[in-house]
Amino acid sequence: VIGYEEISEVWTRFGKEFIALKVKGDSMYPKYFEGDTVIIEVTPDCNNGQDAVVYVNGYDATLKEVQKNEGGSITLKPFNPEYPPKTYRTGDDIVTILGVVKELRRKI
């Protein structure tokens, strides 16, 4: 824990949980900058095309756009064109969704 972020009380209705994470790296640049804070709604699933924090192989967390493919595979797409998307097939790699981006907070 490095601090706390205030969120709307309305967001927490129905038992929803949120965490704030600092962005590291530039794979999602210029959509997200290193040092930005993203508010994540903790949920085990997301819609196709949503930005989400995802665990790969159980412990490597990454912020990417999630593309769900036919056959159950998932492609994690960086926004920065210098990084290639990576596809994970069901059974080969463990991909777990931690939550989806609810809000971006950037200090200027």
Side-chain angles (χ1 to χ4, degrees):
V1 176
I2 58 171
Y4 294 89
E5 291 285 328
E6 289 188 31
I7 62 170
S8 171
E9 188 175 331
V10 173
W11 288 6
T12 62
R13 281 195 235 165
F14 311 112
K16 291 182 179 181
E17 294 182 38
F18 296 85
I19 60 172
L21 298 173
K22 289 275 187 198
V23 174
K24 288 188 179 181
D26 64 349
S27 69
M28 292 297 282
Y29 178 84
K31 191 172 189 177
Y32 303 100
F33 295 176
E34 183 157 354
D36 283 351
T37 299
V38 286
I39 307 299
I40 305 296
E41 180 181 339
V42 178
T43 179
D45 199 9
C46 68
N47 293 325
N48 208 24
Q50 276 188 302
D51 292 344
V53 175
V54 178
Y55 286 117
V56 178
N57 292 322
Y59 58 89
D60 292 326
T62 186
L63 171 61
K64 299 288 185 285
E65 178 186 318
V66 175
Q67 180 69 48
K68 296 178 179 181
N69 307 309
E70 289 187 33
S73 67
I74 292 178
T75 300
L76 302 180
K77 299 167 91 175
F79 194 78
N80 187 335
E82 293 184 28
Y83 293 86
K86 293 183 182 177
T87 300
Y88 300 90
R89 292 179 284 173
T90 305
D92 290 346
D93 300 290
I94 299 171
V95 175
T96 307
I97 296 168
L98 172 65
V100 297
V101 176
K102 178 76 173 181
E103 186 176 278
L104 165 64
R105 295 184 180 177
R106 180 174 292 152
K107 297 197 184 334
I108 55 170

ILVMFWY network linking Leu21 to Met28, side-chain heavy atoms under 4.5 angstrom: yes

Exceeds 12 heavy-atom contacts within 6.0 angstrom, atom CD of Glu5: yes

Test log, rule side chain to side chain contact (heavy atoms under 4.5 Å, CB included), inputs Val66 and Leu76: CA-CA 5 Å; Val66 175; Leu76 302 180; 4.0 Å; yes

Residue pair Tyr55, Leu98: steps toward the side chain to side chain contact (heavy atoms under 4.5 Å, CB included) verdict: CA-CA 7 Å; Tyr55 286 117; Leu98 172 65; 4.0 Å; yes

Heavy-atom donor-acceptor pair, Asn48 side chain to Lys68 backbone, under 3.5 Å: yes

Shortest non-hydrogen contact between Leu104 and Tyr32, atoms and distance: CD1-CD2, 3.8 Å

side-chain hydrogen bond (donor to acceptor under 3.5 Å, both in side chains) between Lys64 and Thr62, worked out: CA-CA 6 Å; Lys64 299 288 185 285; Thr62 186; 2.7 Å; yes

Atom CZ of Arg13 with >12 non-hydrogen neighbours under 6.0 angstrom: no

Residue pair Gln50, Glu65: steps toward the side chain to side chain contact (heavy atoms under 4.5 Å, CB included) verdict: CA-CA 5 Å; Gln50 276 188 302; Glu65 178 186 318; over 6 Å; no

Remaining members of the apolar cluster that contains Tyr29, side-chain heavy atoms under 4.5 Å: Phe33

Asp36: which of Arg106, Lys31, Lys24, Lys22 passes salt bridge (Lys or Arg N to Asp or Glu O under 4.0 Å): Arg106

Steps toward side chain to side chain contact (heavy atoms under 4.5 Å, CB included) verdict (Asp26, Tyr83): CA-CA 9 Å; Asp26 64 349; Tyr83 293 86; 2.3 Å; yes

Pairwise side-chain contact, Val101 with Ile39, heavy-atom cut-off 4.5 Å (strictly under): no

Shortest non-hydrogen separation from Ser27 to Leu63 and the atoms involved: OG-O, 4.4 Å

Non-hydrogen side-chain atoms of Ser73 and Thr87 separated by less than 4.5 Å: yes

Considering all heavy atoms, the nearest Asp45-Val100 contact: O-CG1, 4.1 Å

ILVMFWY cluster, Phe79 and Ile40 together (side-chain gap under 4.5 Å): yes

Charged tip of Lys102 within 45° of Trp11 ring normal and under 6.0 Å: yes

Minimum-distance pair of heavy atoms, taken over all atoms of Asn69 and Gln67: OD1-CG, 3.5 Å

